[in-house]
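Within every chain, numbering begins at 1; the chains are lettered A, B, ... in the order of the sequence lines, protein sequences first and strands thereafter. Quick caveat: nothing in here was measured; it's all calculated off a predicted structure.
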2 protein chains.
Amino acid sequence: MALNRLTHFPLCPHSRSIRLLLAELRLPHDEIIEAPWKWRREFLALNPAGTLPVLELQNHMVLCGTYPITEYLAEEADGLAPEIDRPPLFPGDSESRAEIRRLVDWFHLKCHQEVTRSLLYEKHHARAAGITGHTPNSDVLIASNRNLKQHLRYIGFLNDYRRWLAGDLMSYADLAAAGHISCLDYLGAIDWDQHPSAREWYMRLKSRRAFTRLLDDRVPGLSPPAHYDDPDF
Amino acid sequence: MALNRLTHFPLCPHSRSIRLLLAELRLPHDEIIEAPWKWRREFLALNPAGTLPVLELQNHMVLCGTYPITEYLAEEADGLAPEIDRPPLFPGDSESRAEIRRLVDWFHLKCHQEVTRSLLYEKHHARAAGITGHTPNSDVLIASNRNLKQHLRYIGFLNDYRRWLAGDLMSYADLAAAGHISCLDYLGAIDWDQHPSAREWYMRLKSRRAFTRLLDDRVPGLSPPAHYDDPDF
């Protein structure tokens, strides 16, 4: 394998957080797309859990999922990309890192379960997976959209009294949150006028160079709203 | 606070994995029970995510969820319990740790989503939470039980060619798996005769001293099968 390789899906929030991280780290890599609902035999041979993202490193390590990927990169970043700064993963002391990891779970588990998974399924994945006769479930849409408002308020609350979500420094907590928020924004699910503090945080992230490639992605049959790729939305 | 304190629920697989870990570490602590479906205001003040377990340390750290708890204990175990051996959390090099973390996700995310969460809800939580008119959903029970067989086969497969699930040494991957398997065994969901290799692994874990307290727990209105607390089942 010539390069590090990330297997991802453009509207997968977990994959997006790792793509942002790799871009922040400036770790050269190829990206290949896998539709997670296909359960392709070749993909299951790579990751028997069938989940995204998967990072294959030039040193032949195969890292399955955000948790093994981020903790491995935090331990080994110096060896992988010696010329760059300490990566924006888990900065600070062990108390700061516990807060970062709490927020990573908040977005990758709680926000995913309460919002992102359902909205992605109802608005994109069900149709993309060719499930015949699928119509979006309005009860699920209503509950998920109500939950989404709580998560945006929580981002706003954290942003009101910290510089970044977990503290003074940008961390993987911000990138995990951005993975979900950017998918939800692609779906047109966010009324930014109602959430000025969350918007300020997201605007700051979106204007970073690492965000560029992500905002260029499009999936067939579903266009994002006009403000989606505008850093000054 | 006089002691370290763990807030948990007896049939929560994530809590169980941490109770096993604290027992392996011989870290003195009190245990208090919280029913996660109650969303009590006082508990949400401790962990706004409303999830279990929560570990409050004597040094006033509050650690919410298995991910922050385990990574913090791995970093700080020497300071917390200086007299004991290196804890059985993430032994080995960074490649071994990536494998341990992959399997932690396998059980805490995949097995939970495909098996444990549904079976606990259908067979215990729905009734305990007082949901009126709840009858177990047979489609969900059938699908979850079918998935459970795959997870037991996977444990057997790993046990056939490794000493412990992630390698030569016991790790938190074993304790994460045991958190789920012990809940499922309490529910009487496992036909051990069909899974001799998984049984051998579980028997080895169950005979450890750290398991004793866990196996003594009972929840009102639901008794485990006779073999549940027998190490030679």
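Of all non-hydrogen atoms in A:Ala98 and B:Tyr72, the two that sit nearest each other are CB-CD1, 4.4 Å. The shortest non-hydrogen separation linking B:Pro68 to A:Arg101 is CG-C, 3.9 Å.
Proximity to chain B (any heavy atom under 4.5 Å) is shown, for A:Ile100, by neither the backbone nor the side chain. With a 4.5 angstrom heavy-atom cutoff, B:Val62 does not touch chain A via any of its atoms.
Note that the CG atom of A:Leu63 and the CZ atom of B:Arg102 stand 11.0 Å from one another [nearest 0.5 Å].
Counting heavy atoms from C-beta on, the side chains of B:Tyr154 and A:Pro48 come closer than 4.5 Å. Proximity of B:Glu99 to A:Met61: side-chain heavy atoms (C-beta onward) are nowhere separated by under 4.5 Å. Proximity of A:Thr51 to B:Asp105: side-chain heavy atoms (C-beta onward) are nowhere separated by under 4.5 Å. Between A:Glu95 and B:Glu76 the shortest side-chain heavy-atom distance does not fall below 4.5 Å. Annotation: side chain of A:Arg97 is not in contact with side chain of B:Glu71 (no heavy-atom distance under 4.5 Å).
Residue-environment remark: CG (B:Asn137) exceeds the threshold of 12 foreign heavy atoms within 6.0 Å.
Not a single salt bridge (Lys or Arg N to Asp or Glu O under 4.0 Å) links B:Glu122 to another residue, sequence neighbours left out.
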